[in-house]
Visitor: 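The structure's right below; bear with me while I get my questions together.
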2 protein chains.
Amino acid sequence: MHHVNFQPKSTLFEQGDEAGSLYTLTSGTVRLHYDLPDGRRQIVGFAMPGDFLGLSLEPRFGITADALTPVTACRFDRHRFMNLIDKHPNLMRKMHEVASHELAIAQEHMVVLGRRRAEERVASFLLKWWQRLKRVQGNTPTLPLPMGRQDIADHLGLTIETVSRTLARWMRERIILDVPDGVRILDAAKLEDVLGN
Amino acid sequence: MHHVNFQPKSTLFEQGDEAGSLYTLTSGTVRLHYDLPDGRRQIVGFAMPGDFLGLSLEPRFGITADALTPVTACRFDRHRFMNLIDKHPNLMRKMHEVASHELAIAQEHMVVLGRRRAEERVASFLLKWWQRLKRVQGNTPTLPLPMGRQDIADHLGLTIETVSRTLARWMRERIILDVPDGVRILDAAKLEDVLGN
DNA sequence: CGATATCTTGAGCATTTTCAATAGTAGTGG
DNA sequence: CCACTACTATTGAAAATGCTCAAGATATCG
């Protein structure tokens, strides 16, 4: 195990690569995506400090992971990590807990992609990202968005224009406020109303 | 552990219920879905013989599971199963393998929901269902579809009309053939062409 | 055989995409 | 310091994919 650093836009691992490593993020934001041969891209999630990457037992990575900001992480060799697990059986349980939770998150996101309209998708994204940030950084009204508009669109199954228009409208309506590298949530209740639950 | 039977349309477990059981399917098909309060539904997957249900370690089920056909399954008490795991450590590893695989499947489905057009989604569904069936029943040109059109639509993030129209067109084009309770794949290559890879 | 579910098909419509033009923003080198 | 380039974001107008609504057909089941 040793610490590794990644520059923005650099790749931790790529879709199809042999899954030889396992990471835990200590700082920065990582984009996880599946790319189609014709260039279409689906961002299946964003990773932040505390998250695990590559804990799947599949022989190859199904997705690509690349850094959106400077990233620091702990890298483990897969084989060595598996030996470690034999000595600490509760570690395997922990891995499975994390994986089950990821699966639950993935299933919730399928609902967003399959059954939510554009406005609901963007509201869902802002609120979920805000919640995750709160658990790491504490309660802040200011929401950093290290990912670009295209990334948000590729996460929500929309085009960059639809994301831009939706955010622009909410800025006009004073529901959010434009700040450098992110937004400030002025009226979270209105965003929750959009989701209707 | 004991065997249990379910009639079509009966529920194995429901979204929000305490996750007290764990199942392995021995026969039949199960529909797994997440329901929004306003009635919109996303089917996150279908389970067939050999599949595990409720292996997540979250305290409550995130989704509902109900039988599409008569179903037989083995039911395990969660607590007792966990004790069993303490005696057989490689069982925990197996569970994690299954969960990782489910996660990979979920991520691939996100691509379908977020970035594929209607025609591609239906082609993807037919081909994936066909592949899964081959692993259980061997190579058959006839593809049973125990789920209804509305279920397919709810799985693909489409309306029943779009699914119906797409299948109807492929029947006219002799790419598939209408048979009772399913379809016969006449030209799998054409369906793969739709996916463009 | 009648009643209820599900499925199909058509026509019009709406949300979101596409296309295109403009405006920022950052980084680079003269 | 400023011009130049490249990249990203915004905005408008037109187009299209898939949806809604409605009617009819087919299947299922008591």
Side-chain angles (χ1 to χ4, degrees), chain A residues 7-9 31 36 38-43 66 68-70 112-126 144-173 176-183 194 196, chain B residues 7-9 31 36 38-43 66 68-70 112-126 144-173 176-183 194 196:
Chain A
Q7 290 305 308
K9 294 171 201 282
R31 175 174 71 180
L36 290 174
D38 63 2
R40 286 178 290 180
R41 147 176 307 190
Q42 177 64 38
I43 294 182
D66 40 38
L68 287 171
T69 63
V112 173
L113 293 172
R115 284 299 177 228
R116 295 283 196 186
R117 25 185 76 284
E119 196 184 44
E120 298 177 292
R121 296 187 202 192
V122 181
S124 157
F125 168 73
L126 286 182
L145 295 175
M147 67 292 287
R149 296 288 190 270
Q150 185 63 61
D151 292 327
I152 298 175
D154 285 343
H155 184 47
L156 299 176
L158 300 171
T159 58
I160 186 175
E161 292 94 332
T162 301
V163 172
S164 183
R165 273 187 257 267
T166 306
L167 293 175
R169 182 160 48 74
W170 287 342
M171 287 174 191
R172 265 179 271 128
E173 295 171 0
I176 58 176
L177 183 69
D178 196 15
V179 297
D181 305 312
V183 295
V194 169
Chain B
Q7 290 307 308
K9 292 169 202 281
R31 173 175 72 179
L36 289 174
D38 64 1
R40 286 179 288 180
R41 148 176 306 193
Q42 176 64 37
I43 293 183
D66 38 40
L68 288 171
T69 63
V112 173
L113 293 172
R115 284 300 179 227
R116 294 284 196 186
R117 18 186 82 288
E119 196 186 43
E120 296 177 295
R121 296 187 201 191
V122 182
S124 158
F125 168 73
L126 286 182
L145 295 175
M147 67 292 288
R149 297 286 189 269
Q150 185 63 60
D151 292 327
I152 299 176
D154 286 342
H155 184 47
L156 299 176
L158 299 171
T159 58
I160 186 175
E161 293 94 332
T162 300
V163 172
S164 183
R165 272 187 258 268
T166 306
L167 292 175
R169 181 160 48 73
W170 287 342
M171 287 174 190
R172 264 179 274 130
E173 295 171 358
I176 58 177
L177 184 69
D178 196 15
V179 299
D181 304 314
V183 295
V194 169

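All of these numbers come straight from a predicted model, not from anything done at the bench. Here is how names work: the chains are called A, B, and so on, in the same order as the sequence lines, proteins then strands, and each is numbered from 1.
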Visitor: Using a cut-off of strictly less than 4.0 Å, decide whether T159(B) has a side-chain nitrogen or oxygen near OP1 or OP2 of dC19(D).
Guide: yes
Visitor: Figure out the CZ/C1' separation between R117(B) and dA16(D), and round it to whole Å.
Guide: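 Taking atom C1' of dA16(D) as the reference, CZ of R117(B) is at 9 Å.
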Visitor: Distance check needed: dC7(C) P versus M147(B) CE, whole Å only.
Guide: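 Going from M147(B) (CE) to dC7(C) (P), I get 12 Å.
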Visitor: Considering every strand shown, what is the Watson-Crick or G-U wobble mate of dA5(C) when both distances are under 3.5 Å?
Guide: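 None - no nucleotide pairs with dA5(C), as no candidate has both distances under 3.5 Å.
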Visitor: If each of R121(B) and K9(A) is mapped to the nucleotide of DNA chain D with the nearest heavy atom, which maps nearer the 5' terminus, i.e. the 5' end?
Guide: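 Closest to the 5' end, via its nearest nucleotide, is K9(A).
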Visitor: Tell me, do T166(B) and R121(B) make a side-chain contact under 4.5 Å, heavy atoms counted?
Guide: no
Visitor: Roughly how far, to the nearest 0.5 Å, is the CG atom of L113(A) from the CG atom of L156(A)?
Guide: 7.0 Å
Visitor: When you measure from the side chain of Q7(B) to the backbone of P70(B), do you find a donor-acceptor pair of N or O atoms at a distance under 3.5 Å?
Guide: no
Visitor: In whole angstrom, what separates E161(A)'s CD from dT15(C)'s C1'?
Guide: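 The answer, rounded to whole Å, is 14 Å.
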Visitor: Would you mind calling dA27(D) syn or anti? Take O4'-C1'-N9-C4 for purines or O4'-C1'-N1-C2 for pyrimidines, and syn is within 90° of 0.
Guide: anti
Visitor: Rounding to an integer number of Å, can you tell me how far L156(A) CG sits from dT15(C) P?
Guide: 19 Å
Visitor: Measure from the side chain of R149(B), starting at C-beta and using heavy atoms only, and say which of dG18(D), dT8(C), dT16(C) lies closest.
Guide: dT8(C)
Visitor: Determine which nucleotide pairs with dT26(D), using a 3.5 Å limit on both distances of a Watson-Crick or G-U wobble pair.
Guide: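 Paired with no nucleotide.
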Visitor: Closest nucleotide of DNA chain C for D151(B) versus for A118(A): which of these residues is on the 5' side?
Guide: D151(B)
Visitor: In the structure I gave you, are the side-chain heavy atoms of E161(B) and R165(B) within less than 4.5 Å of one another anywhere?
Guide: yes
Visitor: Could you check how far CG of D154(A) sits from C1' of dT17(C), rounded to whole Å?
Guide: 14 Å
Visitor: What's the spacing between L126(B) CG and L167(B) CG if we round to 0.5 Å?
Guide: 6.0 Å
Visitor: For a quick test of reading the model: is some side-chain N or O of S164(A) closer than 4.0 Å to OP1 or OP2 of dA9(D)?
Guide: no
Visitor: Give the rounded distance in Å between these two atoms: CG of L68(A) and P of dC7(D).
Guide: 17 Å
Visitor: Over how many whole Å does the gap from D181(A) atom CG to dT8(D) atom C1' extend?
Guide: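 Atom CG in D181(A) sits about 13 Å away from atom C1' in dT8(D).
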Visitor: Could you give the CZ-to-P distance, from R165(B) to dA23(D), as a whole number of Å?
Guide: 16 Å
